[in-house]
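Working notes, beginning with the structure itself.
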Amino acid sequence: MRKYAKYWRDSASVIVVARNRNNELDEHGYNYKVLVFKRTEKTSFLPNHIVFPGGSFDAQDDSLDWLKLFAKQSIPPEALETVSAISGPRPYIFCTTEDDLLDRNISMRLCALRECFEELGVLLVTNKGLPDGYSAARHAFDVRTWQTDVHDGRKQFRELYEQLQETPDLWGLYEWSTWITPTHFGRKRFETAFFLAALNEIPPVFPEKHEVDEYMWQSPKQILAAHSEGNLWLAPPQAYELHRLSYVHDIDELVRFAKARNRLGCTSFCPVAYNASDGFIGVLPGDDLYPTGFDFITDNEEMNKYGELTMKELADMARNVHRVEHRGLHSQTYLHNGPSVDGHLHVLGNNRELSKL
């Protein structure tokens, strides 16, 4: 049993970005769109909100049969080892234990790929052309039947790759971030590994009727604007990641950045809440109010300590801020006056990291 199994479930999501047709720029200057969908009302966790494709870890994601598939496809062990060659911080979700059959850097990617196919019918496979950093989406097969069979457990996800003689794209799935549901959510908590995959064209989407109310391909700015206007709702992780993406308008630049940052690891983001007189804030690593040695389990006993102060007064008190101010379901302000964490994109667009590529 894994260390945090009684506190939360492991899950994985993939941020799929795809180039606009003919590389055209939209009205905001983006040459790509992001794939998101709205959960149905019957979803047990955060119904009706907008998410990237993803879901809970399953035993089949950790099956040794995947190694048999890779061997059959003549993928050398050295190629698999490159997926795990990370030099930076490792959230627990990526730590392989004696109970795990596969390296977690591999199995978490397999989880993200499976959920992307189960929910939206997008099957990501290795790009057999030149190694340009892009993934590919295969759809010239009976997607609907396979999607239903995998979703309902009649077939294993691995069997689809075997039949199509395709390889799951572990290498084009770039480690992006890790988010842990705040402690005040109680039992319904997740540690989620986010990856990023890029496609050279927008593929067909096949929404799964029980989980997907509607899907959309839109630029980061369009999705964020719809959230601010109250037309849709983004949970904090999705909103934060879209803010990071919103400052990169060119998909080729985004892929170069993701490839270069892929091996730098990621620090777990578990927002810690504080009430204020005009709302509440969620503080993140690097903020003066972020608990030292936070264990991701213990509730914040100082949640109401500054309840008589405004959020501006709280910000003025701090030397280092990395937080989200919440004034309502659709009104958030992002504050971060330090460098981005782990060489990542900065939530305010101070992307000095891009100039180093």
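Every value quoted in this text rests on a predicted model; they were computed, and no experiment measured them. The figures here come from the full heavy-atom set of this structure, side chains too, leaving out hydrogens, waters and symmetry mates.
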query: Looking only at side chains, do Thr178 and Ser268 share a donor and an acceptor under 3.5 Å apart?
result: no
- request: Evaluate the ring planes of Tyr240 and Phe269, with Trp represented by its six-membered ring, and classify them as parallel (under 30°), tilted (30 to 60°) or perpendicular (over 60°).
  value: perpendicular
- request: Any pair with a residue in residues 317-328 that passes salt bridge (Lys or Arg N to Asp or Glu O under 4.0 Å), sequence neighbours left out, goes on the list, sorted by first then second residue, please.
  value: Asp287-Arg323, Glu325-Arg327
Hydrophobic cluster (4.5 angstrom, side-chain heavy atoms) - remaining members for Ile86: none
Side chain proximity check, Val248 to Phe257, heavy atoms < 4.5 angstrom: no
message: Can you confirm whether Trp233 sits close enough to Leu329 that some side-chain heavy atom of one is under 4.5 Å from a side-chain heavy atom of the other?
response: yes
- prompt: Do Glu162 and Leu69 have side-chain heavy atoms sitting under 4.5 Å apart?
  reply: yes
statement: Residues at least two apart in sequence or cross-chain that pass side-chain contact (heavy atoms from CB on, under 4.5 Å) with Thr96, listed by chain then number, are Asp100, Asp103, Arg104
query: Hey, which of Asn200, Thr126, Asp169 is the one that makes side-chain hydrogen bond (donor to acceptor under 3.5 Å, both in side chains) with Ser135?
result: Asp169
- prompt: Are Asp278 and Thr310 linked by a side-chain donor-acceptor pair shorter than 3.5 Å?
  reply: no
- request: Output all residues satisfying side-chain contact (heavy atoms from CB on, under 4.5 Å) with Ser246, sequence neighbours left out; order by chain, then residue number.
  value: Tyr30, Pro220, Leu224
field: Sequence neighbours excluded, every pair satisfying salt bridge (Lys or Arg N to Asp or Glu O under 4.0 Å) that has a member inside residues 191-201
entry: none
task: Please name all residues satisfying salt bridge (charged side-chain N to carboxylate O under 4.0 Å, His left out) with Glu81, sequence neighbours left out, ordered by chain then number.
output: none
- request: Give a yes-or-no answer on whether the side chains of Asp250 and Asn31 include a donor-acceptor pair shorter than 3.5 Å.
  value: yes
- request: Considering only Ile, Leu, Val, Met, Phe, Trp and Tyr, and joining two whenever side-chain heavy atoms are under 4.5 Å apart, list the other residues clustered with Leu25.
  value: none
Donor-acceptor pairs under 3.5 Å, side chain of residues 71-79 to any protein atom, not counting sequence neighbours: which ones?
residue, atom, partner, partner atom, Å
Gln73, OE1, Thr167, OG1, 2.6
Gln73, NE2, Glu166, O, 2.8

task: Could you check if a side-chain atom of Cys116 sits within less than 4.5 angstrom of a side-chain atom of Val16, using non-hydrogen atoms only?
output: yes
- prompt: Going by the salt bridge (Lys or Arg N to Asp or Glu O under 4.0 Å) test, which pairs reach into residues 223-241, not counting sequence neighbours?
  reply: Glu241-Arg244
field: Lys68: side-chain contact (heavy atoms from CB on, under 4.5 Å) partners, not counting sequence neighbours
entry: Asp65
field: Hydrophobic cluster (4.5 angstrom, side-chain heavy atoms) - remaining members for Leu289
entry: Tyr4, Tyr7, Trp8, Tyr92, Ile180, Val272, Tyr274, Ile281, Val283, Tyr290, Phe294, Phe296, Ile297, Tyr306, Leu309, Met311, Leu314, Met317
- line: side-chain contact (heavy atoms from CB on, under 4.5 Å) filter on His326, not counting sequence neighbours, yields Pro236, Phe280, Val324, Gln332
